[in-house]
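Take a look at the structure below.
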Protein chains: 2
Amino acid sequence: MADIPLTSELLSLIAERFKALAEPARLNILNALREDEKTVSQLMEETSLGQANVSKHLQLLHGLGFVDRRKEGLYVYYRLADPAVFQLCDIMCGRLVEEARERNELFSAR
Amino acid sequence: MADIPLTSELLSLIAERFKALAEPARLNILNALREDEKTVSQLMEETSLGQANVSKHLQLLHGLGFVDRRKEGLYVYYRLADPAVFQLCDIMCGRLVEEARERNELFSAR
DNA sequence: CAACTACATTACCATTCGGTTGCACATTAT
DNA sequence: ATAATGTGCAACCGAATGGTAATGTAGTTG
């Protein structure tokens, strides 16, 4: 983990970032943004979440630098700012995907 | 993120694993286990956490497969079971470490 | 101007979660 | 057997968190 002392402050900062990804709703939003930048309304449709809910999650992700925004007229477009997110998910899946694939419980027929 | 459909169930499973790392106390424990396997008592000393607290965190980490245990006499030795944890932290640090290094706020003099 | 739309913000509620206390269980020592 | 030690576990409490409803705000349209 680099050659840097893991002070309790640094551990808290790392934990804070993990916490942002520790929520299905936010992972869902980030995954929707993987394809393209999207407005809050579009994200509401794709994720089936309420407006205030999506907005709140986006504020959190924006505050931590996971997403950027761009206002255009009446709409606000959000886009990924940290592609490492999916690298993290891939690693996190790892054995998870293996197990799931074997059990064939979570995926549609392939 | 692999070529696998991200069902809501899978998103929940991924989020659950991120949540395990979204806590300074657990990151502290995992980091202590990086050097070597250790007993609950040793982990209590290194992390300055209460006994029941350490035990509870270890149960959670064990349930998700992040750590393994080995009972020897009166002691229980815990060890890392998923080295990917630190790979995740490294990535998660990324820009975080950069920013911190520049501000020189979080690290002792180097 | 007023009406409408897209989004942000606040307040509130229900749930979750980290930490502690107390107790139970297993193992070792006397 | 009794005492002492290491650990697990249930119950509880206060704080944090996700979701929602209501309200505010900026920008557009008529």
Side-chain angles (χ1 to χ4, degrees), chain A residues 8-9 11-33 36-79 81, chain B residues 8-9 11-33 36-79 81:
Chain A
S8 66
E9 297 98 314
L11 286 178
S12 294
L13 286 176
I14 300 176
E16 183 185 23
R17 295 175 70 83
F18 275 123
K19 193 169 296 183
L21 304 184
E23 183 62 35
R26 284 191 286 270
L27 291 180
N28 202 347
I29 291 175
L30 289 171
N31 184 56
L33 290 178
D36 203 350
E37 66 173 6
K38 288 174 183 169
T39 69
V40 176
S41 302
Q42 289 176 314
L43 291 173
M44 287 173 57
E45 283 189 13
E46 291 197 28
T47 61
S48 303
L49 297 175
Q51 184 268 321
N53 201 7
V54 170
S55 187
K56 214 158 83 169
H57 285 308
L58 285 171
Q59 300 314 309
L60 192 151
L61 293 173
H62 179 67
L64 291 176
F66 283 111
V67 300
D68 275 339
R69 49 179 153 189
R70 166 178 74 86
K71 184 160 188 176
E72 184 174 317
L74 201 51
Y75 297 83
V76 176
Y77 290 86
Y78 283 87
R79 64 180 176 283
Chain B
S8 66
E9 296 97 314
L11 287 178
S12 293
L13 286 176
I14 299 176
E16 184 185 22
R17 296 176 70 82
F18 274 123
K19 193 169 295 184
L21 304 184
E23 183 62 33
R26 284 191 287 269
L27 291 181
N28 203 346
I29 291 176
L30 290 171
N31 184 58
L33 291 177
D36 203 350
E37 67 173 4
K38 288 174 183 168
T39 70
V40 177
S41 303
Q42 289 176 314
L43 291 173
M44 287 172 58
E45 284 187 12
E46 292 199 27
T47 61
S48 303
L49 297 174
Q51 183 269 322
N53 199 9
V54 171
S55 185
K56 212 158 86 169
H57 286 308
L58 285 172
Q59 300 313 310
L60 191 151
L61 292 172
H62 179 66
L64 291 177
F66 284 112
V67 300
D68 275 339
R69 50 178 154 189
R70 167 179 73 87
K71 182 161 187 177
E72 185 174 317
L74 199 50
Y75 297 83
V76 178
Y77 290 85
Y78 283 88
R79 63 179 177 282

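Chain identifiers are assigned alphabetically (A, B, ...) following the order of the sequence lines, protein sequences preceding nucleic acid strands; residue numbering begins at 1 within each chain.
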Report task. Go through the structure and list residues passing salt bridge (Lys or Arg N to Asp or Glu O under 4.0 Å) with B:K38, not counting sequence neighbours. Result -> B:E35, B:E46

Query - Short side-chain N/O contact to D:dT7 OP1/OP2 from B:S41, under 4.0 Å - result: yes

Query - Residues in salt bridge (Lys or Arg N to Asp or Glu O under 4.0 Å) contact with B:E37, at least two apart in sequence or another chain - result: B:R70

Query - A:L58 CG to D:dG19 P, straight-line distance once rounded to whole Å - result: 13 Å

Requested in this report: May I ask you to evaluate whether B:S55 reaches the phosphate of D:dC9, defined as a side-chain N or O under 4.0 Å from OP1 or OP2?
Outcome: no

Query - Integer-rounded Å distance: D:dT7 C1' and B:L61 CG - result: 16 Å

Query raised in the report: Phosphate oxygens OP1/OP2 of C:dA8: is one of them under 4.0 Å from a side-chain N or O of A:Y78?
Result: yes

Query raised in the report: Among all residues two or more places apart in sequence or in another chain, which pass the salt bridge (Lys or Arg N to Asp or Glu O under 4.0 Å) test with A:E16?
Result: none

Show the atom names and distances, to 0.1 Å, of all donor-acceptor pairs under 3.5 Å that link a side chain in residues 55-67 of chain A to residues at least two apart or in another chain.
| from | atom 1 | to | atom 2 | distance (Å) |
| --- | --- | --- | --- | --- |
| A:H57 | ND1 | A:R26 | NH1 | 3.0 |
| A:H57 | NE2 | A:N53 | OD1 | 3.1 |
| A:Q59 | OE1 | A:R69 | NH1 | 3.4 |
| A:Q59 | OE1 | A:R69 | NH2 | 3.2 |
| A:Q59 | NE2 | A:S55 | O | 3.4 |
| A:Q59 | NE2 | A:Y78 | OH | 3.3 |
| A:H62 | ND1 | A:V67 | O | 3.1 |

Query raised in the report: Hey, does the side chain of A:R69 come within less than 4.0 Å of C:dA8's phosphate (OP1/OP2), counting only N and O?
Result: yes

What are the atom names and distances for every N/O pair under 3.5 Å that joins the protein to nucleotides 17-27 of chain C?
| from | atom 1 | to | atom 2 | distance (Å) |
| --- | --- | --- | --- | --- |
| C:dG18 | OP1 | B:R26 | NH1 | 3.2 |
| C:dG18 | OP1 | B:R26 | NH2 | 2.6 |
| C:dG19 | OP2 | B:N53 | OD1 | 3.2 |
| C:dG19 | OP2 | B:N53 | ND2 | 3.1 |
| C:dG19 | OP2 | B:H57 | NE2 | 2.6 |
| C:dG19 | O5' | B:N53 | ND2 | 3.1 |
| C:dG19 | N7 | B:K56 | NZ | 3.0 |
| C:dG19 | O6 | B:K56 | NZ | 2.5 |

Report task. Hey, could you give me the OG1/NZ distance between B:T39 and B:K71, rounded to the nearest 0.5 Å? Result -> 13.0 Å

**Report entry** side-chain hydrogen bond (donor to acceptor under 3.5 Å, both in side chains) against B:D68, all qualifying residues, sequence neighbours excluded
**Finding:** none

